[in-house]
Amino acid sequence: MIASGEVFLLNGETSGELKPQPCFFNRNIRVLAAGLDRAYVACESPVKSEEGRQCQVLCYRGDASEPVPCPEFDAIEGRIRQIAIGSNHLLVLTYEGVVYSRGSAAYGCLGHGGAKDAPEFIPVPALRGKQVKIVAAGPMYSVAVTHDGDVYSWGQAFQGETGLFSAVEAVPRFAPAVTPFRVTEISCGHGHVLARTEGQQVISWGENTCGQLGLGQKCKPTYKPQVLDSIPSQIGMVSAGWAHSVAVGTDGRVYTWGLNSHGQLGLGDTATRMAPHLVHELVNVHQVESVQAAKTFTVFRTSAKRALLCGQVPCSPNSQVSHEFVPRRPGEKDPTGCLLSPVALNIATSTPLGKSYSELSDIAAFDKGALAFATSTVHRVEP
């Protein structure tokens, strides 16, 4: 994605609405990425050098309302395609198929081998020449998928989350249990992983203490992928939250399962589900195109280019924002600060017209909120 438009922020200081971020006005946005406690925006620098406009990466951490520059990304050679976020490590994938990592080497999550931390981004040696097309990261583990369909993973796997039999790997290892499924998308939760296959099915592996694998019952962790035949739709996208899971069908229908402590499954209650359930309140009302699952909430992007949220509305413990102003379901008595079914988020406007015409094309969610992007559009105003 390289497009101009507006970036919006949802967090504990935005009163439950998406607010425009002026620092990104008139700048081409390349990547939105979010996970755990932070979110990143990769955009073209406002200053043009002799080599053209360079990429600048900015970070929103926690409940911060303003992003901070991340000069460490300047070490990346090539155009950034993806940023994957772990607890104390980062992965960057370029369009040339090169994977970089930096941060803490705990449990080998950097993939460099050994226990030496990397304060700067370094290419992952074992993936050189592999032509990687997808990267994903959990708290202490990492996954990469090549253009040939091979899956490599490394880091901590106490719950089988790397898809490997071993508990810890300090360098990328070929994952023979996952590769045959021909993975086209991967999403990492706290201790479980979801993937979409070429056959448009969902597979899951890892921890299952809250039913997040969708197998119909609790079971011991497994490193072997499980096919979820119970979902009737062909799958277009998957997203793993902290301990809940979401799948969007190519027909626009949404299925959720796992932990539901704050209503993040969007099923109208807070009961945990052990198997995929259709979100009935969206049927014949909203066609969902994409989804992002965070720790205690889920954000959907609809075919109308709007955002819906269920679960805990992002809030800050020190915020001055009152719960009286956050979104709520008309006529329903949901727990304070929570939405048990999906509700549309308001998109604030920076124009004097008073109404936002922004059409969202991308959303990235993290534990403290979400970022959204709307491409620039021209609207004709009749006199």
Side-chain angles (χ1 to χ4, degrees), residues 1 32 34 133-134 136 145 149 178 180-189 192-206 208 210-216 225-260 263-269 271-294 297-311 339-345 359-365 370 372:
M1 173 182 72
L32 288 189
K133 67 174 182 178
I134 301 170
V145 183
V178 183
F181 288 96
R182 306 295 296 177
V183 168
T184 57
E185 180 189 17
I186 282 189
S187 180
C188 297
H192 78 294
V193 181
L194 298 180
R196 176 169 56 92
T197 69
E198 274 189 358
Q200 296 181 309
Q201 288 184 300
V202 180
I203 56 173
S204 62
W205 65 92
N208 195 37
C210 299
Q212 57 264 55
L213 295 189
L215 304 180
Q226 309 295 306
V227 179
L228 302 190
D229 292 323
S230 58
I231 300 177
S233 301
Q234 291 187 314
I235 300 303
M237 185 177 185
V238 295
S239 185
W242 187 77
H244 76 287
S245 302
V246 190
V248 177
T250 54
D251 55 6
R253 297 195 170 200
V254 176
Y255 302 85
T256 60
W257 61 98
L259 185 66
N260 195 28
Q264 56 264 48
L265 299 187
L267 300 174
D269 55 39
T272 293
R273 301 300 202 279
M274 297 291 164
H277 280 62
L278 175 66
V279 181
H280 286 281
E281 292 218 9
L282 296 176
V283 177
N284 298 325
V285 179
H286 297 285
Q287 287 282 110
V288 174
E289 291 187 344
S290 66
V291 65
Q292 289 282 307
F297 67 91
T298 305
V299 183
F300 310 92
R301 185 177 62 83
T302 69
S303 59
K305 312 305 180 187
R306 309 298 286 184
L308 311 175
L309 183 143
C310 61
L339 300 168
L340 301 188
S341 293
V343 171
L345 293 177
E359 297 182 347
L360 303 180
S361 58
D362 196 12
I363 297 177

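Every heavy atom of this structure was used, including side-chain atoms; hydrogens, water molecules and symmetry mates were not.
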Smallest separation among heavy atoms of Leu265 and Val279, with atom names = O-CG2, 3.7 Å
Polar side-chain atom of His286 near backbone of Asn284 as donor-acceptor pair, under 3.5 Å | no
Partner set under side chain to side chain contact (heavy atoms under 4.5 Å, CB included) for Asp251, not counting sequence neighbours = Ser233, Arg253
Which atom names give the shortest non-hydrogen contact between Ala240 and Gly189, and what distance separates them?
-> CB-N, 3.6 Å
CD1 (Ile235) and CG (Leu228) are apart, to the nearest 0.5 Å, by 8.5 Å
Which distance, rounded to the nearest 0.5 Å, do you find between the CG of Leu32 and the CG of Asp362?
-> 5.0 Å
Roughly how far, to the nearest 0.5 Å, is OG1 of Thr302 from CG of Leu360?
-> 8.0 Å
Picking from Ser245, Ser204, Ser187, what satisfies side-chain hydrogen bond (donor to acceptor under 3.5 Å, both in side chains) with His192?
-> Ser245
Applying salt bridge (charged side-chain N to carboxylate O under 4.0 Å, His left out) to Glu289 and not counting sequence neighbours gives Arg301, Lys305
Do Cys310 and Pro342 touch side chain to side chain, with heavy atoms closer than 4.5 Å?
-> yes
Begin from the C-alpha positions of Val288 and Leu282 and carry the test side chain to side chain contact (heavy atoms under 4.5 Å, CB included) through to its verdict.
-> CA-CA 8 Å; Val288 174; Leu282 296 176; 4.0 Å; yes
Pairwise distance NE2(His244) to CZ(Phe297) - rounded to 0.5 angstrom | 9.0 Å
Taking every non-hydrogen atom, the tightest pair across Gln264 and Thr298 = O-OG1, 2.8 Å
Nearest atoms (heavy-atom pairs only) where Arg196 meets Val238 | N-CG2, 4.1 Å
How far apart are the closest heavy atoms of Trp257 and Gln212, and which atoms are they?
-> NE1-O, 2.8 Å
Decide yes or no for Thr184 and Arg182: does some side-chain heavy atom of the first lie under 4.5 Å from some side-chain heavy atom of the second?
-> no
Non-hydrogen atoms of Val183 and Ile203 that approach each other most closely | CG2-CD1, 4.1 Å
Is a side-chain N or O of Ser239 found less than 3.5 angstrom from the main chain of Val246, in a donor-acceptor match?
-> no
If you measure from OH on Tyr255 to CG on Leu267, what distance do you get to the nearest 0.5 Å?
-> 12.5 Å
Hey, what do you get for CD (Gln201) to CG (Asp229), rounding to the nearest 0.5 Å?
-> 5.5 Å
